[in-house]
Amino acid sequence: MSAHLIATHVTRRYGPTAVVEGVSLDLEPGDITALLGGSGAGKSTLLRLFAGLEPLDEGEIRLGGQLLSRPGKTVPAEKRRIGLIFQDFALFPHLTAAQNVAFGLKSRGKEAARAIAAEWLERLGLTGRADAFPHELSGGEQQRVAIARALAPEPAAILMDEPFSGLDPALRGSVRDTALAAIREAGIPALLVTHDPTEALESADCIAILQGGCLLQQGKAADVYMKPESAAIAAALGPVSRIRAVDLPEGLAGQAVPAGAELIVRPEGVVQDEDSPVRARVTASQLTGPLCRLLLDCQGRALTALVPRITAPQTGADIGIRLDPALTFIFQSADS
Ligand code: ADP
């Protein structure tokens, strides 16, 4: 049975400034948890605390029953059995792909190390590339070698800092799917640091949202998306339209919105419905792939909608709209 990797009330300060503050996060074996936040939110610092690359000022970090960090004590990174994967791959340039993967397996003996490395290269679709040096590999191949190298020693947990963001977008999806499938199969806690809400939603089982060093919400990815606890969380997971109660177009909300509150709706929650008495004018219509993104003017308020291409109206059209209550959230606004 793999152990949970758990941070409890963890704080890290640089001088007087807390860059991670009172964070508690339970990483479950077999789950990929995305740590999502903007630049400077404290994501990398929290990852470095889990990894043992930095001491913490308050709280503790445990792997199952084992204490890894508390103020005044930091089990060094190399003694934690935690695999690390960074954006820049960090392969040894003078070693082949197979030698890179075998590097952490010296205690297993040469033959066993070679066999295990070959197995991991195969799992990550790199069988034919075992003897290539890093400079002979594409970015996607290098990152898959880095992932094989991190997983081969059977770590107790894995931490990834923006591991896919350096890859060509055309490659990113397939490298990510291969890598994350191998990580899930390992059945260990995994943390994926990312600033990209789409990546978090597409890849993670759980999402933890960090802002200004504080954890705003954590939970199953679909729950955080469908049940955000604040306007900031709703907005952190993708584009939203926000309208204050006083500015709400007549009949749009379909429910009572208290004065001083704010209505937030995801673009796919703005539904085209010709039976609706609420009308909007299409000010822009842009095909973005399978869906069409509409900018709407509804009684002077701007809304963004995502609709199937096949039924998408043209710019200038007058359409009926309604809001899907499951994708519409009402919060007291921060400035009310
Ligand atoms: P993120 O990964 O979310 O972009 P970081 O964890 O890298 O955020 O940084 C969080 C904050 O801590 C930033 O404001 C950054 O400037 C600051 N910071 C990070 N490392 C140090 C350091 N070694 N000394 C002082 N400030 C730091």
Side-chain angles (χ1 to χ4, degrees), residues 5-27 32-61 68-78 80 82-90 143 146-147 150 157-167 172 176 179-180 183 189-219 221 224-225 228-239:
L5 181 61
I6 305 174
T8 311
H9 300 306
V10 164
T11 293
R12 169 68 170 153
R13 292 188 190 89
Y14 293 123
T17 317
V19 296
V20 170
E21 193 166 11
V23 167
S24 296
L25 187 57
D26 182 344
L27 304 178
I32 291 167
T33 300
L35 183 62
L36 177 67
S39 177
K43 306 181 297 295
S44 296
T45 304
L46 183 57
L47 177 138
R48 294 168 61 79
L49 293 172
F50 272 122
L53 296 169
E54 291 197 30
L56 47 70
D57 295 299
E58 284 171 30
E60 61 177 40
I61 292 173
L68 296 181
S69 297
R70 63 167 161 71
K73 176 188 164 166
T74 309
V75 173
E78 63 277 11
R80 291 193 172 201
I82 292 181
L84 299 174
I85 301 169
F86 294 103
Q87 185 182 337
D88 62 2
F89 321 137
Q143 192 56 311
I147 290 158
I158 194 129
L159 306 171
M160 300 168 270
D161 199 347
E162 303 270 5
F164 311 113
S165 51
L167 301 177
R172 197 178 299 154
R176 191 174 68 196
L180 297 183
I183 289 167
L191 187 71
L192 170 69
V193 163
T194 178
H195 65 274
D196 177 357
T198 308
E199 174 161 279
L201 287 162
E202 285 180 0
S203 12
D205 304 292
C206 299
I207 293 182
I209 297 181
L210 198 65
Q211 213 173 72
C214 298
L215 212 50
L216 298 188
Q217 186 174 345
Q218 57 180 296
V224 181
Y225 189 75
E229 287 168 4
S230 70
I233 295 163
L237 279 175

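Treat the numbers as computed from the prediction; the structure is a model and nothing was measured. Residue numbers run from 1 in the order of the sequence given. In listed order, ligands and their atoms are each counted from 1.
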Peer 1: For atom 16 (O) of ligand 1, is some protein heavy-atom partner under 4.0 Å away?
Peer 2: no
Peer 1: Show the atoms of ligand 1 that are less than 4.0 angstrom away from any heavy atom in Thr45.
Peer 2: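 Within the 4.0 Å cut-off of Thr45, ligand 1 contributes 5 (P), 6 (O), 9 (O).
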Peer 1: How far does CG of Leu46 sit from CZ of Arg12, to the nearest 0.5 angstrom?
Peer 2: 12.0 Å
Peer 1: So for Gly37, does at least one of its heavy atoms come nearer than 4.0 angstrom to any atom of ligand 1?
Peer 2: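 False for this residue.
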Peer 1: Would a 4.5 Å heavy-atom cut-off, applied to side chains only, mark Pro228 and Leu237 as touching?
Peer 2: no
Peer 1: I need the Leu216 CG to Leu36 CG distance, nearest 0.5 Å.
Peer 2: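 Between Leu216 CG and Leu36 CG, I get 10.0 Å after rounding to 0.5 Å.
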Peer 1: List every atom of ligand 1 that sits less than 4.0 Å from any heavy atom of Ser39, numbering the atoms from 1 in the order shown and giving each element.
Peer 2: 4 (O)
Peer 1: I need the Leu35 CG to Leu215 CG distance, nearest 0.5 Å.
Peer 2: 7.5 Å
Peer 1: Using modelled atom types only, decide if a donor and an acceptor are shared between the side chain of Glu162 and the backbone of His195 within a distance under 3.5 Å.
Peer 2: yes
Peer 1: What is the nearest protein non-hydrogen atom to atom 26 (N) of ligand 1, stated with its residue, atom name and distance?
Peer 2: Tyr14 CD1, 3.2 Å
Peer 1: Is ligand 1 under 4.0 Å from a heavy atom in the side chain of Val19, in the backbone, in both, or in neither?
Peer 2: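 Side chain only.
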Peer 1: Considering Gly40, Gly15, Gly38, which one's heavy-atom position lies nearest to atom 10 (C) of ligand 1?
Peer 2: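 Answer by nearest heavy atom: Gly40.
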Peer 1: Going by the closest heavy atom to atom 2 (O) of ligand 1, which one wins out of Gly42, Ala18, Gly212, Ser44?
Peer 2: Ser44
Peer 1: Taking only heavy atoms of Ala41 into account, list the atoms of ligand 1 that are under 4.0 Å away from them.
Peer 2: 1 (P), 3 (O), 8 (O)
Peer 1: Donor-acceptor check, side chain of Asp26 to backbone of Ile6, threshold 3.5 angstrom: yes or no?
Peer 2: no
Peer 1: Quick one: are Met160 and Leu180 in side-chain contact, heavy atoms under 4.5 Å?
Peer 2: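 A side-chain contact exists here, since the closest heavy-atom pair is under 4.5 Å.
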